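Heavy atoms only: backbone and side chains are in, while hydrogens, waters and symmetry mates are out. Keep in mind that what you see is a predicted model, and the values were worked out from it rather than measured. When a ligand or atom number is given, it counts from 1 through the structure's own listing order.
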Amino acid sequence: MRYALIGCGRISPNHIAAAQANQLEIVAVCDLDKRNMRDKELKFELGESVHQYTDYFEMLQKEKPELVAIATESGKHAKIALDCMDYGCNLIIEKPIALSIEDADQIIEKADRLHLKVCACHQNRFNKSIKKIREAVEKNRFGRMFYGTAHVRWCRDHEYYDRANWRGTWEQDGGALMNQCIHNIDLLRWMMGDEVEEVVGMTDRLHHDYIEAEDLGIALIKFKNGSYGIVEGTTNVYPKNLEETLYLFGEKGTVKAGGQSVNVIEEWRFSDMLDDPEEIKRQFHENPPNVYGYGHTPLYADVIDAIKNDRKPYVDAEAGKRALELVLAIYKSSSEKSIVKFPLENCTTTDFKGKFE
Ligand SMILES: NC(=O)c1ccc[n+]([C@@H]2O[C@H](COP(=O)([O-])OP(=O)(O)OC[C@H]3O[C@@H](n4cnc5c(N)ncnc54)[C@H](O)[C@@H]3O)[C@@H](O)[C@H]2O)c1
């Protein structure tokens with residue numbers, strides 16, 4: 001399958017490695033900065049058959065890839081995705097899928113109309129720990145779900161934001177919730193049944209006064225099935241990343257996934273006693289080299305299979321929209337000091353420009 005990557009920055013090695021591991025035919029890479037492409041060429045021994053472009057339109061015209069991954073700054077995802085679909089490309093779009101509800105809806109509509117597959121790159125859904133927990137949810141082992149909590153307690157320093165000046169801006173990114181916490185927000189919403197009734201949130205910029213958006217976000221969620229969610233995410237933790245943790249509390253089960261990025265099952269308690277908690281904790285314990293984890297490779301495998309078998313990807317564009325919607329709702333609630341009802345309409349990160357000025 002002919003594959004191309006647009007955006008060869010910080011997360012791009014995970015994409016190239018995933019494409020190689022899945023034996024995709026990498027036909028091209030594209031970046032505005034030639035040095036970024038050259039770095040990846042050397043690191044992954046891409047060779048001359050992998051053409052390099054600075055203009056993605058030219059790349060799409062000449063290379064005709066069947067699958068394109070978009071890993072540019074977040075504010076560019078939607079426009080590039082819509083353009084790629086004009087060339088018949090299936091897509092893996094880095095998170096967040098877009099920065100506005102309208103853009104996410106356009107991506108979903110166009111993909112449906114053109115029968116193209118679009119995957120939102122929430123790779124943590126493929127963590128072994130998360131797959132095990134999801135299986136327990138699907139088998140209804142928790143009984144009635146009471147509540148779940150998602151914590152992202154990470155550290156991002158001045159240098160991280162300096163390295164790419166789009167980070168932390170309302171036009172291209174958003175803050176800790178939109179960038180760093182959106183994976184866990186996706187997991188929480190998904191595990192709790194997806195359907196949100198209402199949200200109340202508070203956000204602030206306490207530490208990184210050189211970014212526009214929040215570096216701390218806290219929210220309470222009421223789901224339509226009567227359960228609750230708590231979100232807490234920050235990039236202010238001293239002096240380094242502490243954890244990305246997901247708790248689920250049900251009538252008959254209690255689970256905690258922790259570690260750097262929900263890769264470790266730390267608690268596993270079920271009334272059905274179907275498995276040995278100590279064995280589960282031993283078995284579901286991964287320690288990846290960074291917070292991006294090992295999920296890109298199985299996510300790619302799923303998308304390739306979805307294209308071949310004409311089915312939806314495991315994490316489709318609607319899932320990407322749901323995570324985006326929840327973050328935007330928290331922003332809106334914080335801004336308006338109100339409870340925000342779902343579904344959320346016509347909301348974008350740029351609505352919150354100037355919030356912390
Ligand atoms: N899934 C994850 O865990 C994860 C982790 C990190 C980043 N991300 C997401 O990936 C995206 C990229 O993040 P990053 O940290 O790699 O950013 P980055 O700034 O390091 O890289 C972005 C790259 O895109 C290139 N680019 C911009 N416009 C382009 C265009 N029109 N055509 C071709 N290339 C273009 C830039 O030159 C840059 O090299 C963001 O949306 C971010 O939220 C996801």
Side-chain angles (χ1 to χ4, degrees), residues 4-18 28-41 43 51-60 63 65 68-84 91-99 103-104 119-127 130 152 154 156 159-169 171-187 213 235 241 244 260-263 288-300 303 315 319-320 323-324 327 349:
L5 171 65
I6 304 178
C8 297
R10 183 177 164 111
I11 194 61
S12 67
N14 292 57
H15 287 270
I16 299 171
V29 292
C30 176
D31 201 291
L32 301 177
D33 186 337
K34 288 184 177 166
R35 283 169 310 177
N36 285 349
M37 292 190 279
R38 179 86 185 122
D39 284 354
K40 306 309 164 314
E41 179 191 339
K43 184 172 161 73
H51 302 137
Q52 299 184 5
Y53 293 85
T54 51
D55 175 352
Y56 69 84
F57 282 106
E58 189 188 343
M59 180 191 84
L60 295 170
E63 304 291 346
V68 172
I70 302 172
T72 64
E73 36 272 59
S74 307
K76 295 181 179 179
H77 292 175
K79 161 96 174 71
I80 297 178
L82 294 169
D83 289 340
C84 286
L91 299 171
I92 294 171
I93 308 177
E94 260 304 347
K95 57 76 190 165
I97 189 170
L99 292 183
D103 282 349
C119 164
C121 194
H122 289 294
Q123 77 276 4
N124 288 349
R125 286 202 191 193
F126 293 87
N127 289 2
I130 295 301
V152 179
W154 284 356
R156 292 290 178 275
E159 199 219 326
Y160 165 84
Y161 290 102
D162 272 356
R163 244 182 285 139
N165 59 11
W166 61 273
R167 293 193 184 122
T169 64
E171 287 277 353
Q172 293 298 329
D173 190 13
L177 294 182
M178 188 67 89
N179 189 323
Q180 284 77 22
C181 303
I182 195 162
H183 288 303
N184 216 8
I185 287 172
D186 162 61
L187 292 179
T235 49
N241 286 352
E244 176 175 355
Q260 278 205 83
S261 45
V262 286
N263 333 86
N290 56 46
V291 295
Y292 310 145
Y294 299 123
H296 282 81
T297 296
L299 178 140
Y300 268 61
V303 174
V315 199
L324 167 74
V327 175
T349 49

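- Residue Ile185 holds its CD1 atom at 5.0 Å from CG of Leu177, rounded to the nearest 0.5 Å.
- Annotation: the span from Leu5 atom CG to Cys30 atom SG amounts to 8.5 Å, rounded to 0.5 Å.
- Contact annotation: for Asp31 versus ligand 1, heavy atoms closer than 4.0 Å belong to both the backbone and the side chain.
- Expressed to the nearest 0.5 Å, how far CG of Leu187 lies from SG of Cys181 amounts to 11.5 Å.
- Under a 4.0 Å heavy-atom criterion, Tyr53 is not in contact with ligand 1.
- At a heavy-atom distance under 4.0 Å, only side-chain atoms of Ile6, from C-beta outward, approach ligand 1.
- Close N/O approach between Trp166 and ligand 1 is found [any backbone or side-chain N/O within under 3.5 Å].
- Look at Arg35 and Asp39 and you find no salt bridge, because none of the NZ, NE, NH1 or NH2 atoms lies under 4.0 Å from a carboxylate O.
- Among the atoms of Thr72, some N or O lies under 3.5 angstrom from an N or O of ligand 1.
- The side-chain heavy atoms of Asp173 and Pro96, taken from C-beta on, include no pair separated by under 4.5 Å.
- When only interatomic distances are considered, the shortest N/O to N/O separation between Ser74 and ligand 1 falls below 3.5 Å.
- Between the side chains of Gln123 and Tyr294, no donor-acceptor pair of N or O atoms lies under 3.5 Å.
- Residue, atom and distance of the protein heavy atom nearest to atom 2 (C) of ligand 1 are His183 NE2, 3.3 Å.
- Inclusion of Ala164 in the set of residues having an N or O under 3.5 Å from an N or O of ligand 1 is not warranted.
- Within the model, atoms NE2 of His51 and CE of Met59 stand 12.5 Å from one another, a figure rounded to the nearest 0.5 Å.
- The shortest separation from a heavy atom of Arg167 to ligand 1 is under 4.0 Å, placing the residue in contact.
- Geometrically, Arg167 engages Tyr160 in a cation-pi contact defined by less than 6.0 Å to the ring centre and at most 45° from the axis.
- For atom 31 (N) of ligand 1, the nearest protein heavy atom (residue, atom name, distance) is Leu32 CD2, 3.9 Å.
- Under a 4.0 Å criterion applied to the non-hydrogen atoms of Gln123, ligand 1 contributes the atoms 1 (N), 2 (C), 3 (O).
- Atom CZ of Phe57 is separated from atom SG of Cys84 by 8.5 Å, given to the nearest 0.5 angstrom.
- Within the listing of ligand 1, atoms 1 (N) sit less than 4.0 angstrom from a heavy atom of Cys121.
- Using 4.0 Å as the threshold, Ser12 has no heavy atom nearer than that to any atom of ligand 1.
- For ligand 1, one of its N or O atoms has an N or O atom of Lys95 under 3.5 Å away.
- Of all protein heavy atoms, the one lying nearest to atom 7 (C) of ligand 1 is Ile11 CB, 3.8 Å.
- Nearest protein heavy-atom contact of atom 22 (C) of ligand 1 is Ala71 O, 3.6 Å.
- With a 4.0 Å cut-off on non-hydrogen atoms, His122 does not touch ligand 1 at all.
- Of the protein's non-hydrogen atoms, the one nearest atom 27 (C) of ligand 1 is Glu73 OE1, 3.0 Å.
- Using a 4.5 Å cut-off on side-chain heavy atoms (C-beta onward), Pro13 and Lys43 make contact.
- No side-chain heavy atom of Ile97 sits under 4.5 Å from any side-chain heavy atom of His77.
- With a heavy-atom cut-off of 4.0 Å, Glu94 touches ligand 1 through its side chain alone.
- Residue contacts with ligand 1 do not include Arg163, since none of its heavy atoms lies under 4.0 Å from the ligand.
- Looking only at heavy atoms of the protein, atom 21 (O) of ligand 1 is closest to Gly9 CA, 3.3 Å.
- No more than 12 heavy atoms of other residues, nucleotides or ligands sit less than 6.0 Å from atom CG of Asn165.
- Rounded to the nearest 0.5 angstrom, Leu32 CG and Thr72 OG1 are separated by 9.0 Å.
- The heavy atom nearest to atom 28 (N) of ligand 1, considering only Arg10, Lys76, Arg35, Lys40, is found in Lys76.
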